[in-house]
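Below is one structure, written out as structure tokens; comments come after it.
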Amino acid sequence: MPEAGDVALVRRGALRSLAIRCPDGCGEVISVNLDPRTGPAWKLYDREDSLTLFPSVWRESGCEAHFILWRNRLIWCDVSDPHSWRSEELKRRIHKLLPAPGLQHAHYADLAMQLDVIPWEALWTCQALVADRVAVPSEKGSRFGLASAPNAPRSSKVDRTA
Ligand SMILES: [Zn+2]
């Protein structure tokens with residue numbers, strides 16, 4: 001894996017780790033543990049021939065690179081814009097699962113688990129529902145619930161003198 005961003009799966013019997021040549025070009029190899037028996041582990045999703053890691057990878061030393069691996073693509077986490085990935089089907093499925101107003105909000109990773117989808121896609125879908133004003137986020141932006149029903153539109157004053 002000579003290039004920045006290249007990845008290699010390490011298997012010894014079971015899946016052990018994912019080695020990533022740091023995508024920012026610093027040259028270091030990041031080893032991401034995939035084996036929960038040996039400590040905190042990331043979850044690897046192998047879907048349609050592409051790899052996704054959850055949660056994000058954050059080097060706390062050295063270059064401090066922070067990124068997501070999603071369907072073989074590296075996405076930097078310092079980009080504040082919500083991701084543009086959209087699925088109308090997933091929107092409908094998540095909409096049905098969101099807790100009603102007043103109930104405790106659901107974490108996007110739990111919604112993803114219930115629907116057997118990639119957590120990042122559940123997060124981006126929740127964010128899209130927020131943009132549509134269907135959902136509201138919790139303070140930290142990782143839990144979501146249904147927005148209260150919008151008030152009935154107020155009738156605007158009609159100028160009767162016309
Ligand atoms: Zn780096």
Side-chain angles (χ1 to χ4, degrees), residues 1-12 14-95 97-99 105-147:
M1 28 179 260
E3 301 278 336
D6 283 356
V7 302
L9 274 172
V10 180
R11 239 179 241 280
R12 276 188 301 271
L15 213 46
R16 295 303 172 91
S17 62
L18 183 72
I20 305 173
R21 178 74 68 183
C22 186
D24 73 356
C26 71
E28 295 212 32
V29 174
I30 303 166
S31 176
V32 176
N33 182 38
L34 302 175
D35 184 352
R37 293 168 303 178
T38 64
W42 277 254
K43 193 161 161 50
L44 183 75
Y45 296 81
D46 187 352
R47 304 261 167 115
E48 291 108 37
D49 277 330
S50 67
L51 298 180
T52 297
L53 272 182
F54 184 80
S56 63
V57 177
W58 197 347
R59 293 199 63 212
E60 288 173 351
S61 58
C63 67
E64 298 184 347
H66 187 195
F67 57 89
I68 288 168
L69 176 66
W70 172 67
R71 295 190 185 268
N72 285 355
R73 276 174 253 182
L74 285 159
I75 301 171
W76 293 104
C77 290
D78 51 11
V79 181
S80 56
D81 299 340
H83 200 269
S84 59
W85 183 89
R86 291 288 178 272
S87 156
E88 291 303 320
E89 193 222 339
L90 190 55
K91 257 187 177 177
R92 280 191 294 274
R93 294 171 73 197
I94 286 187
H95 189 180
L97 287 181
L98 285 176
H105 288 178
H107 196 286
Y108 70 88
D110 294 330
L111 295 169
M113 207 182 293
Q114 284 182 59
L115 295 170
D116 190 31
V117 298
I118 291 172
W120 302 123
E121 295 172 8
L123 173 62
W124 298 329
T125 300
C126 287
Q127 290 170 342
L129 288 167
V130 170
D132 292 349
R133 298 170 187 276
V134 172
V136 287
S138 59
E139 221 169 285
K140 286 184 181 167
S142 52
R143 292 175 176 273
F144 298 86
L146 283 178

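In this chain, numbering begins with 1 at the start of the sequence shown.
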If you look only at distance, which donor and acceptor atoms sit under 3.5 Å apart when one is on a side chain in residues 105-119 and the other is two or more places apart or in another chain?
| residue | atom | partner | partner atom | Å |
| --- | --- | --- | --- | --- |
| His107 | ND1 | Ala109 | N | 3.0 |
| Asp116 | OD1 | Arg47 | NH2 | 3.1 |

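- Taking CD of Glu89 as the start and OG1 of Thr125 as the end, the distance is 10.0 Å to the nearest 0.5 Å.
- The distance between the ring centers of Trp42 and Phe54 does not fall below 6.0 angstrom.
- With sequence neighbours excluded, the residues forming a side-chain hydrogen bond (donor to acceptor under 3.5 Å, both in side chains) with Trp70 are Glu121, listed by chain and number.
- Looking at heavy atoms from C-beta onward, Ser84 lies out of side-chain contact with Trp124 at the 4.5 angstrom threshold.
- Note that CG of Asp46 and OG1 of Thr52 are 9.0 Å apart. Values are rounded to the nearest 0.5 Å.
- Put simply, the side chain of Ile20 does not reach to within 4.5 Å of the side chain of Asp6, judged on heavy atoms.
- Counting only residues at least two apart or in different chains, salt bridge (charged side-chain N to carboxylate O under 4.0 Å, His left out) contacts with residues 136-145 are absent.
- Leu51 CG to Arg73 CZ: the interatomic distance, rounded to the nearest 0.5 Å, is 12.5 Å.
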Determine whether Tyr45 and Leu53 satisfy the following criterion, side chain to side chain contact (heavy atoms under 4.5 Å, CB included), listing intermediate values before the conclusion. CA-CA 6 Å; Tyr45 296 81; Leu53 272 182; over 6 Å; no
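- Rounded to the nearest 0.5 Å, atoms OG (Ser142) and CG (Leu123) are 8.5 Å apart.
- No side-chain donor-acceptor contact under 3.5 Å links Ser17 to the backbone of Leu34.
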List the steps and the verdict of side chain to side chain contact (heavy atoms under 4.5 Å, CB included) for His95 and Val134. CA-CA 8 Å; His95 189 180; Val134 172; 3.4 Å; yes
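- Environment of CG in Asp49: sparse, with no more than 12 heavy atoms of neighbouring residues, nucleotides or ligands closer than 6.0 Å.
- Using a 4.5 Å heavy-atom cutoff, the side chains of Ile75 and Trp85 are not in contact.
- Residues Gly141 and Pro137 approach most closely at CA-CB, 4.4 Å, considering heavy atoms.
- Residues that satisfy the salt bridge (charged side-chain N to carboxylate O under 4.0 Å, His left out) test with Arg37, not counting sequence neighbours, are Asp35.
- You'll find the side chain of Pro99 stays beyond 4.5 Å of the side chain of Leu146, heavy atoms only.
- Here the closest non-hydrogen pair linking Pro40 and Asn33 is O-ND2, 3.2 Å.
- In terms of the side-chain contact (heavy atoms from CB on, under 4.5 Å) criterion, residue partners of Glu88 (sequence neighbours excluded) are, by chain and number, Lys91, Arg92.
- Contact of the Leu9 side chain with the Leu44 side chain is registered, since non-hydrogen atoms from C-beta on lie closer than 4.5 Å.
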Please tabulate, for the side chains in residues 55-69, all donor-acceptor contacts under 3.5 angstrom to protein atoms that are two or more places apart in sequence or on a different chain.
| residue | atom | partner | partner atom | Å |
| --- | --- | --- | --- | --- |
| Ser56 | OG | His66 | NE2 | 2.8 |
| Arg59 | NH2 | Glu28 | OE1 | 3.1 |

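- Separating the OG atom in Ser31 from the CZ atom in Arg16 is a distance of 12.0 Å, to the nearest 0.5 Å.
- When side chains are defined from C-beta on, Val130 counts as touching Phe144, because their heavy atoms get closer than 4.5 Å.
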